[in-house]
*Asks:* 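Here it is, the structure, as structure tokens.
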Amino acid sequence: APEYDILGSQKKRWGQRNIHYHRDLKAGENTLNFQLARKLYEWVCQRGGYDEDLWLEVYRDFMIHPEQHRDTYVEEYHRNFFESLAKGKQLRKCASVDIHIGGLASVAALTAALVKNGTTTVSEVQKTVQSHVCLTHLGSQVKEASGVLVRLLFRLAHDEPLEEALRLEANGLVGLRQLKDWENLPDRQVIGSILSPACYLPESMIASLYLVWKYRGQFALGLQANAEAGGDNCHRGAVVGALLGALGPMPKIDF
């Protein structure tokens, strides 16, 4: 349906070869998922709370005006959502099964907004964040990874050592012994030969935790290493940047 065209003028670039995923964005400008994450944070803070049905309306209205974000690449979950909407499904019924780390792009933003507005227990925040994620991403992978990320953020924000936080919250994904073994290897060997550099969970989450462990206390180097590892470094960066930032303090970075 034309009213649910979320590609707009970018549609002509789809199917072409050698087209950069984000060709119309300026250097340093947020990609679509992170523009949505920022919008979510600001929206929750401005209204003083989160509401799923109202957010779905905000999401819909933003996406049907693709000139607002100008990003060429529109992830599969967006396309599936609006295909379902065009078929007459209700906003609450348009989510699809998805196992991409891009589903975590808004987790840190929503966590921060909820805490800023007075939701202070990890259980409450995790429940809201996971429910939010399930509005667009069905299946267990993204939901479980978002829960791990929320719990890690809370632990690190309360000055718990990274090693203890990972032992308690990430052991189901990767063990500390494995992370310690990998930290002496080149990043491209770990993310490329041992782990896939692609977007698929759980390996993309494990790759993110590896970078956080190796570059703990080195925020800028961690971001650089994530970028240089290639693959879906954009959405891996949602996890790497959030957790390295929570470890703090973050230095001033000149890009």
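Because only heavy atoms are used, hydrogens play no part in the values below, and waters and symmetry mates are left out as well, while side chains stay in.
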*Asks:* Could you work out, with side chain to side chain contact (heavy atoms under 4.5 Å, CB included) as the rule, every residue matching N171, not counting sequence neighbours?
*Replies:*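 Listed in chain order: nothing, the list is empty.
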
*Asks:* Applying a strict under-4.5 Å side-chain criterion to I, L, V, M, F, W and Y, I'd like to know whether L223 and L25 cluster together.
*Replies:*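 No; tracing contacts between hydrophobic side chains, which count when under 4.5 Å, never links both residues.
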
*Asks:* What distance do L162 atom CG and L152 atom CG have between them, rounded to the nearest 0.5 Å?
*Replies:*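 Between atom CG of L162 and atom CG of L152 there are 8.0 Å.
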
*Asks:* Go through it in stages, so that I can follow the logic: the residues are H100 and Y200, the test is side-chain contact (heavy atoms from CB on, under 4.5 Å), and I'd like the CA-CA distance, side-chain angles, deciding distance and then a yes or no.
*Replies:* CA-CA 5 Å; H100 301 150; Y200 305 107; 3.3 Å; yes

*Asks:* Does any non-hydrogen side-chain atom of L36 lie less than 4.5 Å from one of H78?
*Replies:*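 Yes; the side chains approach each other to less than 4.5 Å.
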
*Asks:* How close do M205 and A145 get, heavy atom to heavy atom, and via which atoms?
*Replies:*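 Answer, listing the atom of M205 first, then A145: CE-O, 3.8 Å.
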
*Asks:* Considering residues at least two apart in sequence or located in another chain, which fulfil the side chain to side chain donor-acceptor pair (under 3.5 Å) criterion with S204?
*Replies:*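 Applying side chain to side chain donor-acceptor pair (under 3.5 Å) to S204 gives none.
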
*Asks:* Would a 4.5 Å heavy-atom cut-off, applied to side chains only, mark R155 and L168 as touching?
*Replies:*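 With C-beta onward as the side chain, the pair touches.
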
*Asks:* Please say yes or no: joined through hydrophobic side-chain contacts below 4.5 Å, possibly via intermediate residues, are L221 and V239 part of one cluster?
*Replies:* yes

*Asks:* Any donor-acceptor pair under 3.5 Å linking the side chain of H69 with the backbone of D71?
*Replies:*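 Yes; judged by distance alone, with no hydrogens or angles, the pair exists.
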
*Asks:* State, to 0.1 Å, how close Y73 and R79 come at their nearest heavy-atom pair, and which atoms those are.
*Replies:*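 Closest approach of Y73 to R79, heavy atoms only: OH-NH2, 4.2 Å.
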
*Asks:* Does the side chain of L149 come within less than 4.5 Å of L243's, by heavy atoms?
*Replies:* yes

*Asks:* For the pair D53 and R92, evaluate side-chain contact (heavy atoms from CB on, under 4.5 Å) and give the outcome as yes or no after the intermediate values.
*Replies:* CA-CA 8 Å; D53 292 310; R92 283 272 192 169; 2.8 Å; yes

*Asks:* Yes or no on side-chain hydrogen bond (donor to acceptor under 3.5 Å, both in side chains) for E124 and T121, after CA distance, side-chain angles and deciding distance?
*Replies:* CA-CA 5 Å; E124 288 180 286; T121 67; 2.7 Å; yes

*Asks:* Between R216 and E183, does a salt bridge (charged side-chain N to carboxylate O under 4.0 Å, His left out) hold up when you go through it step by step?
*Replies:* CA-CA 11 Å; R216 58 199 183 276; E183 73 176 312; 3.4 Å; yes

*Asks:* More than 12 heavy atoms of other residues, nucleotides or ligands under 6.0 Å from CZ of R177: yes or no?
*Replies:*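 No, the 6.0 Å shell around CZ holds no more than 12 heavy atoms from other groups.
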
*Asks:* Please say yes or no: joined through hydrophobic side-chain contacts below 4.5 Å, possibly via intermediate residues, are V148 and V107 part of one cluster?
*Replies:*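 Same hydrophobic cluster.
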
*Asks:* Nearest 0.5 Å, what's the OH-CG distance between Y215 and N226?
*Replies:*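 CG of N226 is found 10.0 Å from OH of Y215.
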
*Asks:* Looking at side-chain heavy atoms only, is the closest gap between Y210 and I194 below 4.5 Å?
*Replies:*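 Of all side-chain heavy-atom pairs linking I194 with Y210, none is under 4.5 Å.
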
*Asks:* Got a salt bridge between E228 and R188, using NZ or NE/NH1/NH2 to carboxylate O under 4.0 Å?
*Replies:*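 Salt bridge between E228 and R188, a charged N being under 4.0 Å from a carboxylate O: no.
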
*Asks:* Do K143 and H137 have side-chain heavy atoms sitting under 4.5 Å apart?
*Replies:*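 No, side chains not in contact.
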
*Asks:* Supply the atom-to-atom distance W14 CH2 to L7 CG, rounded to the nearest 0.5 angstrom.
*Replies:* 6.0 Å

*Asks:* Using every non-hydrogen atom in the two residues, find where L135 and W55 come nearest and quote the distance to one decimal.
*Replies:*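 That closest heavy-atom pairing would be CD1-CD1, 4.3 Å.
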
*Asks:* Find the distance between CG (N80) and CD (E75) and round it off to the nearest 0.5 Å.
*Replies:*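 The CG atom of N80 sits 10.5 Å away from the CD atom of E75.
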
*Asks:* Counting only heavy atoms from other residues, nucleotides and ligands, does the tally under 6.0 Å from CD of Q90 exceed 12?
*Replies:* no

*Asks:* Using a strict 4.0 Å threshold on nitrogen-to-oxygen distance, state whether R236 and E203 make a salt bridge.
*Replies:* no

*Asks:* Check whether any side-chain heavy atom of P66 lies under 4.5 Å from a side-chain heavy atom of I6, and answer yes or no.
*Replies:* no

*Asks:* So does K89 pair up with E83, basic N to acidic O under 4.0 Å?
*Replies:* no

*Asks:* Transitively linked via ILVMFWY side-chain contacts under 4.5 Å: I99 with L173?
*Replies:* no

*Asks:* Taking all heavy atoms of R167 and all of L176, pick out the closest pair and write down the distance.
*Replies:* CB-CD1, 3.6 Å

*Asks:* Under a 4.5 Å cut-off applied to non-hydrogen side-chain atoms, are K214 and D187 in contact?
*Replies:*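 Heavy-atom side-chain distance check passes, below 4.5 Å.
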
*Asks:* Enter the distance from S146:OG to H132:NE2 here, rounded to the nearest 0.5 Å.
*Replies:*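 Reported to 0.5 Å precision, the distance equals 9.5 Å.
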
*Asks:* Hey, could you give me the CD/CG distance between Q10 and D24, rounded to the nearest 0.5 Å?
*Replies:*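 Between Q10 CD and D24 CG, I get 4.5 Å after rounding to 0.5 Å.
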
*Asks:* Closest approach of G241 and F219, non-hydrogen atoms and distance?
*Replies:*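 Minimum heavy-atom contact is O-CE1, 3.6 Å.
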
*Asks:* Please examine the side chains of V74 and M63, heavy atoms only from C-beta on, and report whether any two atoms are closer than 4.5 Å.
*Replies:* yes

*Asks:* Give the intermediate values and the outcome of side-chain contact (heavy atoms from CB on, under 4.5 Å) for residues T128 and T119.
*Replies:* CA-CA 10 Å; T128 300; T119 307; 5.6 Å; no

*Asks:* Quick one: does H20's side chain have a donor or acceptor within less than 3.5 Å of a partner on H22's backbone?
*Replies:*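 Yes, because the side chain of H20 sits within donor-acceptor range (under 3.5 Å) of the backbone of H22.
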
*Asks:* Could you walk me through whether L211 and I191 satisfy the side-chain contact (heavy atoms from CB on, under 4.5 Å) test, starting with their C-alpha distance in whole Å, then the side-chain angles of each, then the deciding distance to 0.1 Å, before giving a yes or no?
*Replies:* CA-CA 9 Å; L211 289 168; I191 304 176; 3.7 Å; yes

*Asks:* Determine whether more than 12 heavy atoms belonging to other residues, nucleotides or ligands lie under 6.0 Å from atom CZ of R47.
*Replies:* yes

*Asks:* Could I get the full list of side chain to side chain contact (heavy atoms under 4.5 Å, CB included) partners for V174, not counting sequence neighbours?
*Replies:*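 Scan of V174 (side chain to side chain contact (heavy atoms under 4.5 Å, CB included), adjacent residues dropped) gives Q178, L179, W182, I206, L209.
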
*Asks:* Strictly distance-based, threshold 3.5 Å: is any side-chain N or O of N30 a donor or acceptor partner for the main-chain N or O of Q35?
*Replies:* no

*Asks:* State, to 0.1 Å, how close V212 and L244 come at their nearest heavy-atom pair, and which atoms those are.
*Replies:*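 Closest pair (atom of V212, atom of L244, distance): O-CD2, 3.8 Å.
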
*Asks:* Counting only heavy atoms not in K39 (residues, nucleotides, ligands), do more than 12 fall under 6.0 Å from its NZ?
*Replies:*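 Check fails, neighbour count at 12 or below.
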
*Asks:* Would you find a donor on one side and an acceptor on the other, under 3.5 Å apart, between the side chain of Q16 and the backbone of K12?
*Replies:*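 Flag set: sc Q16 to bb K12 pair under 3.5 Å.
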
*Asks:* In terms of hydrophobic clustering (I, L, V, M, F, W, Y; side-chain heavy atoms under 4.5 Å; direct or indirect links), are L138 and I101 co-clustered?
*Replies:*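 No: no chain of side-chain contacts under 4.5 Å links L138 to I101.
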
*Asks:* State yes or no: are the ring centers of F81 and Y4 separated by less than 6.0 Å?
*Replies:*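 No, the ring centres sit 6.0 Å or more apart.
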
